[in-house]
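Atom set for the values below is all heavy atoms of this structure, side chains included, hydrogens, waters and symmetry mates excluded. Everything numeric in this text was worked out from a predicted model, so none of it was measured. Just so you know, ligand 1 is whichever comes first in the structure, and atom 1 is the first atom listed for that ligand.
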Amino acid sequence: MRILIVSDLHSNYEALEAVVEDAAGSYDEVVCLGDVVGYGGDPNRVTEWVRANTMAVIRGNHDRACTGDAVVEWFSGPAQIAAEWTSGELTGENRTFLEQLPAGPLAWDGVYLMHGSPRDEDEYVVDKAEAARLLPYLPGDICFFGHTHIQGGFGLRRGLAWRLAAPADGEHERVHQMEPDTLYLLNPGSVGQPRDMDRRAAYGLYDTEAKVLALRRTPYDIERAQKRILEASLPPFLADRLAQGR
Ligand code: ZN
């Protein structure tokens, strides 16, 4: 089975469209690691795509915030404004879908899906030391996570932790073969709001039989996504950061 893994879509329909086009023909099923909405200007279109196309989805902190969870109190000003706006925009069906999403980790076809970390869906796993400390909590050897908006992730073996490289500037894909006796925390990066200094939309493709992960980047129409944010009268900061990839 070849899986397309998307995470942190954040209501950015232009980025999602570009990912789907770029990945066409390379996958059998789609899974989503949460944060379908929040920040961007197209919450309903993105949620509808997720409802129609994914086989497994878990919730992110923004999906909770946009459907009334008190987690919103921890958000920054612009994130809070976007959550309130999104909450007012969502159709009843889309809101219900987001409200009912399960928390990770979720087992799916031999891999595990989570938003933050295996022990806390809101925890950010940013560096190798943090990843190594999570070793006892990993539910299986292949775990996919999001939340940080940083593509790559970590390999863990016999007390050693290392980082998996994302595509370099101008590079489309980085391929990683999973090794035996190794645990992995893998991050496909953010479709809708990358924060790793590469403004291109990020996603992952994983072959469950060959145990091969491809991390990919694809350019998309950033100006149009920015326009959608500004048309919604959301904070301009949320548009600016898309161009910077941070
Ligand atoms: Zn996010």
Among N, O or S atoms, D35 approaches the Zn ion (ligand 1) most closely through OD2

For N/O/S atoms only: which one belongs to H149 and is nearest the Zn ion (ligand 1)?
NE2

Test of geometry: compute the angle OD1(D8)-the Zn ion (ligand 1)-NE2(H10) and round it to 10°.
110°

Answer yes or no: does atom CH2 of W162 have more than 12 heavy-atom neighbours from other residues, nucleotides or ligands under 6.0 Å?
yes

Got more than 12 heavy atoms from elsewhere within 6.0 Å of CD, E173?
yes

Does anything in residues 103-115 form a salt bridge (Lys or Arg N to Asp or Glu O under 4.0 Å)? List the pairs, not counting sequence neighbours.
none

Taking the six-membered ring of Y27, is the NZ or CZ of R2 close enough (under 6.0 Å from the centre) and on axis enough (within 45°)?
no

Taking both backbone and side-chain atoms into account, decide whether H147 has an N/O/S atom under 2.8 Å from the Zn ion (ligand 1).
no

